[in-house]
Chemist: 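Pasting a structure here, questions to come.
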Amino acid sequence: MASNAEILKEKIIEWGASKVAFANAGDYLPAYFKNLKYAVSIAVRLSDAIIDEIKDAPTHTYFHHYKAVNALIDNITLRASLLIQDWGYLAAAIPASQTVKTSEDLYTGIFQHKTAANLSGLGWIGKSGLLITPEYGPRVRLGTILTDMELPGTEDIHNTDCKGCNICKIACPAMAITGKNWYKGVQRSEIIDAEACSKYMNTNFKHIGRGSVCGICMNVCPHGKNINKRKMERV
Ligand code: SF4
Ligand code: SF4
């Protein structure tokens, strides 16, 4: 008989995720979710056709796609959290895209999706601050469910694979990428200036939309360019 964890994975893929994995995120939780130490991390692959359209500026199509994929992620994580709850456990779906201003950080969420994604082994974190998956590079959006239902973990990925590459740093029009390699425990501000990134979009592309990012660093990353070799491998 399939375990709850196996059923959950199957359902999440059936509902539209491209990748799903589990992690113990106990060291990274906000105080009010401290009992929900297991994380279900999901990734939804973005449209290569739409990301390839971004050259030196975001597009209307990208902005809509960004919102549509966030809506899909919110739908998947809500359904998954309700399923877990039906099994008798607590579960909270973390919003796909929500900024919560704190005294320390004006541009953060209640929980970083890429933390769970990295801990669960879905990918590594690049100089762009984006999660880089082996299959799709950074061309994914992430979602997370926190729960007290025990889940089997996967090995997290400590290394990065940017090597000498600085393509995203050079391409970033806001000069928001410092060019430093990510390492476990690094402060986000050492890797990326989130304020500069957000302000660039809001200042220059308000006519396209607020609440998203320009997407150039995602477009240029070589790990996302190898479209022909990529397969819809799902884990
Ligand atoms: S989204 Fe745009 S402004 Fe923000 S870091 Fe990436 S390239 Fe720079
Ligand atoms: S563009 Fe280069 S430096 Fe930036 S995340 Fe991708 S591999 Fe790393």
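Just follow the structure's listing: the first ligand is 1, and inside any ligand the first atom is 1.
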Chemist: Count the heavy atoms belonging to other residues, nucleotides or ligands that lie under 6.0 Å from CG of D56, then report whether that count exceeds 12.
Modeler: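 No - once you tally the heavy atoms of other residues, nucleotides and ligands closer than 6.0 Å, there are 12 at most.
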
Chemist: Could you tell me whether E190 atom CD has more than 12 heavy atoms of other residues or ligands within 6.0 Å of it?
Modeler: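 More than 12 heavy atoms, drawn from other residues, nucleotides or ligands, come within 6.0 Å of this atom.
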
Chemist: Can we say D148 and K34 salt-bridge, meaning some charged N sits less than 4.0 Å from an Asp/Glu carboxylate O?
Modeler: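 Result for this pair is no, no salt bridge flagged.
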
Chemist: For ligand 2, is any non-hydrogen atom under 4.0 Å from K163's backbone (N, CA, C, O), its side chain (CB onward), both, or neither?
Modeler: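 No part of K163 is near ligand 2 at this cut-off.
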
Chemist: Decide side-chain contact (heavy atoms from CB on, under 4.5 Å) for T59 and H64; before the verdict, give the C-alpha distance in whole Å, the side-chain angles of both, and the deciding distance to 0.1 Å.
Modeler: CA-CA 9 Å; T59 65; H64 182 269; over 6 Å; no

Chemist: Does the side-chain contact (heavy atoms from CB on, under 4.5 Å) test come out yes or no for I216 and V220, once each step is laid out?
Modeler: CA-CA 6 Å; I216 292 172; V220 298; 4.2 Å; yes

Chemist: Which atoms of ligand 2 are found less than 4.0 Å from any heavy atom of C221?
Modeler: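 Selected atoms, number and element: 1 (S), 6 (Fe), 7 (S).
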
Chemist: When you measure from the centre of the six-membered ring of Y62, is the NZ or CZ of K67 closer than 6.0 Å and no more than 45° off the axis?
Modeler: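 No - K67 does not lie over the ring of Y62 by the 6.0 Å and 45° rule.
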
Chemist: Quick check for you: within a radius under 2.8 Å, how many protein N, O or S atoms neighbour atom 8 (Fe) of ligand 1?
Modeler: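 Atoms of protein N, O or S type lying less than 2.8 Å from atom 8 (Fe) of ligand 1 total 1.
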
Chemist: Give the C-alpha distance, both sets of side-chain angles, the deciding distance and a yes or no for side-chain contact (heavy atoms from CB on, under 4.5 Å) between I125 and L130.
Modeler: CA-CA 6 Å; I125 296 171; L130 297 170; over 6 Å; no

Chemist: Determine, stepwise, if the pair V20 / V40 fulfils side-chain contact (heavy atoms from CB on, under 4.5 Å).
Modeler: CA-CA 7 Å; V20 55; V40 182; 3.9 Å; yes

Chemist: Which atoms of ligand 1 sit under 4.0 Å from any heavy atom of G215?
Modeler: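 This gives 1 (S) as the contact atoms.
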
Chemist: Looking at every non-hydrogen atom in both residues, tell me the closest pair between T77 and I42 and how far apart they are.
Modeler: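 Looking at all heavy atoms of both residues, the closest pair is CG2-CD1, 4.0 Å.
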
Chemist: Considering non-hydrogen atoms of the protein only, which is the closest contact for atom 8 (Fe) of ligand 2, and what is the distance?
Modeler: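 Checking every protein heavy atom, the shortest distance to atom 8 (Fe) of ligand 2 gives C162 SG, 2.3 Å.
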
Chemist: In terms of atom number and element, which parts of ligand 2 are under 4.0 angstrom from non-hydrogen atoms of H223?
Modeler: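 Atoms satisfying the 4.0 Å criterion: 7 (S).
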
Chemist: With a cut-off of 2.8 Å, does C165 put an N/O/S atom close enough to atom 8 (Fe) of ligand 2?
Modeler: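 Under 2.8 Å: C165 has no N, O or S contact with atom 8 (Fe) of ligand 2.
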
